Amino acid sequence: MTGKPVLLITRKLRDVVQARAKQTYQVILNDDDHVFDADELIARCQNVDAVLPCHSEHFSADVIAALPKRLRIIANHSVGVDHVDLAAAKAAGIVVTNTPDVLSDATAEIAILCMLGAARRGAEGDAMIRAGKWDFWSPAFMVGRQVSGKQFGVLGMGRVGQVTADRARGFGMEIHYHNRTRLPEHLEKGAVFHDTVAGLFAVSDVLSLHCPATPDTRNIINAKTLALLPDRAILVNTARGGLVDEAALIDALQSGRLFAAGLDVFQVEPGGNPALAALPNVFLLPHIGSATEETRDAMGFRALDNLDAFFSGRAPQDRLV
Ligand code: 8YV
């Protein structure tokens, strides 16, 4: 290859990240930061050597089949890669990378915010004051659930799950988890391992989701599994909306079986679910788990590190296929 490789950056990244990218690559930006549909994504990828997408760009098998031979790497600006058909990329000889580790702290903070917002009725209180409807106070008013002393269940004890568990420990919670494989003792830090999902759910006063969205985990939260949770449990989802059957969640929240939910991710994004948003016992955020200045910079740099390694003939540290 002569000259700088051509890199398509699909969404607006932080200035420092874009500036660094321009030092090494001939960068094509998306100036108005709109989401590319499949046709536009294919069209924009035609004359590039690499693409740096977010989870908002869907590299389905059909999209990947329409990519040019020239495009050799998809360096994601995300840890989750459910928006990329990895098998199709592998078959097409396209390298795929992600950005693990660097977003664990930021996402764990949002998980704790979701837990506390749900447990202490944050959305309800905020809405009441903003609407000018706070006209009463009593010791019996807006009483929520305390999290200290309760059991915090982690579904998916990867990097984000582990940091979130550490934060929950700080709130005096007892940690339980289910994972495909049990963690070594030094990472488990006293957390109780459950070898089944049902075993974990049965003890989780707060259940926090940290597993990837795969065909196996789709709607893992459904009417049946919600019924396994202790009475008046709290659900926290900062992973992927596809993990939750939202209709079943709404039923459980309306019936009072679940005390509350704290959600940063939804089946439909952007937008979320208006029926969920209509419930007072749901604390909602618009998929901002990793949205801090520090983490956005680190994610951008990590994606560029992967690209730099690839184009200098080294193995990208976060290569998935
Ligand atoms: C981002 C995410 O919001 O990393 C992920 O999997 O969902 C988030 O960190 C997004 O992909 C940023 O590009």
Side-chain angles (χ1 to χ4, degrees), residues 7-18 20-21 27 29-30 32-36 41 44 50-60 63 73-86 89 96-114 155-164 208-214 217-218 220 236-244 262-272 284-307 316-321:
L7 169 65
L8 170 67
I9 299 181
T10 62
R11 305 303 303 274
K12 183 168 169 41
L13 302 184
R14 303 252 303 158
D15 288 347
V16 281
V17 174
Q18 294 188 172
R20 180 180 141 185
V27 175
L29 297 174
N30 168 8
D32 66 3
D33 202 16
H34 67 284
V35 180
F36 301 156
L41 185 57
R44 296 239 184 189
V51 58
L52 195 165
C54 294
H55 77 280
S56 46
E57 284 68 60
H58 297 275
F59 287 89
S60 63
V63 167
I73 175 166
I74 300 173
N76 290 291
H77 183 272
S78 64
V79 65
V81 286
D82 48 304
H83 58 288
V84 180
D85 188 320
L86 294 179
V96 179
T97 60
N98 67 343
T99 56
D101 300 319
V102 291
L103 44 65
S104 304
D105 286 359
T107 308
E109 288 176 6
I110 284 289
I112 296 298
L113 175 60
C114 285
L155 182 64
M157 196 66 144
R159 288 162 279 228
V160 179
Q162 287 172 43
V163 179
T164 308
S208 193
L209 309 181
H210 298 285
C211 53
T214 66
T217 60
R218 178 149 198 89
I220 193 162
V236 170
N237 189 8
T238 55
R240 282 292 182 268
L243 302 175
V244 177
L263 308 172
D264 183 47
V265 290
F266 302 87
Q267 295 264 4
V268 176
E269 294 182 9
L284 302 163
L285 292 172
H287 199 148
I288 53 166
S290 62
T292 66
E293 295 165 358
E294 295 84 347
T295 292
R296 285 282 184 260
D297 288 354
M299 290 171 76
F301 292 149
R302 184 90 171 217
L304 290 174
D305 289 346
N306 284 319
L307 285 166
Q317 66 172 329
D318 306 313
R319 181 171 177 167
L320 299 168
V321 297

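First listed ligand is number 1; within each ligand, the first listed atom is number 1. What you are looking at is a predicted structure, and each value in this text was computed from that prediction instead of being measured. Sequence positions, counted from 1, serve as the residue numbers for this chain. Both backbone and side-chain heavy atoms feed into the values below; hydrogens, waters and symmetry mates do not.
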| said: Geometry only, no angles: is Ser78 polar-contacting ligand 1 at N/O separations under 3.5 Å? | reply: no

| query | With a 3.5 Å cut-off and no angle check, do the side chains of Asn98 and Asn76 form a donor-acceptor pair? | reply | no

| request: Around atom 12 (C) of ligand 1, find the nearest protein heavy atom and jot down its residue, atom name and distance. | output: His77 O, 3.2 Å

| query | For ligand 1, is any non-hydrogen atom under 4.0 Å from Arg240's backbone (N, CA, C, O), its side chain (CB onward), both, or neither? | reply | side chain

| query | Are any of the side-chain heavy atoms of Thr10 and Leu52 separated by less than 4.5 Å? | reply | no

| field | Side chain Glu109, main chain Ala106, donor-acceptor under 3.5 Å | value | no

| field | Main-chain N/O of Ala111 paired to Thr238 side chain as donor or acceptor, under 3.5 Å | value | no

| For ligand 1, which atoms have a heavy atom of Gly80 less than 4.0 angstrom away? | 4 (O), 5 (C), 6 (O)

| task | Spell out, as yes or no, whether a donor-acceptor pair under 3.5 Å connects the side chain of Ser56 to the backbone of Val35. | result | no

| request: Around atom 9 (O) of ligand 1, find the nearest protein heavy atom and jot down its residue, atom name and distance. | output: Ser290 OG, 2.6 Å

| field | Whether Asn237 side chain and Ala239 backbone form a donor-acceptor pair below 3.5 Å | value | yes

| Out of Met299, Arg11, Glu57, His55, whose heavy atom sits nearest atom 10 (C) of ligand 1? | His55

| task | Using distance alone, decide if ligand 1 has a nitrogen or oxygen within less than 3.5 Å of any nitrogen or oxygen in Cys54. | result | no

| task | Would you confirm whether the ring centroid of His55 sits within less than 6.0 angstrom of the ring centroid of His287? | result | yes

| said: Just to confirm my output: which protein heavy-atom neighbour is closest to atom 4 (O) of ligand 1, and how far is it? | reply: Val79 N, 2.7 Å

| Where's the contact between Leu103 and ligand 1, heavy-atom distance under 4.0 Å: side chain, backbone, both or neither? | side chain

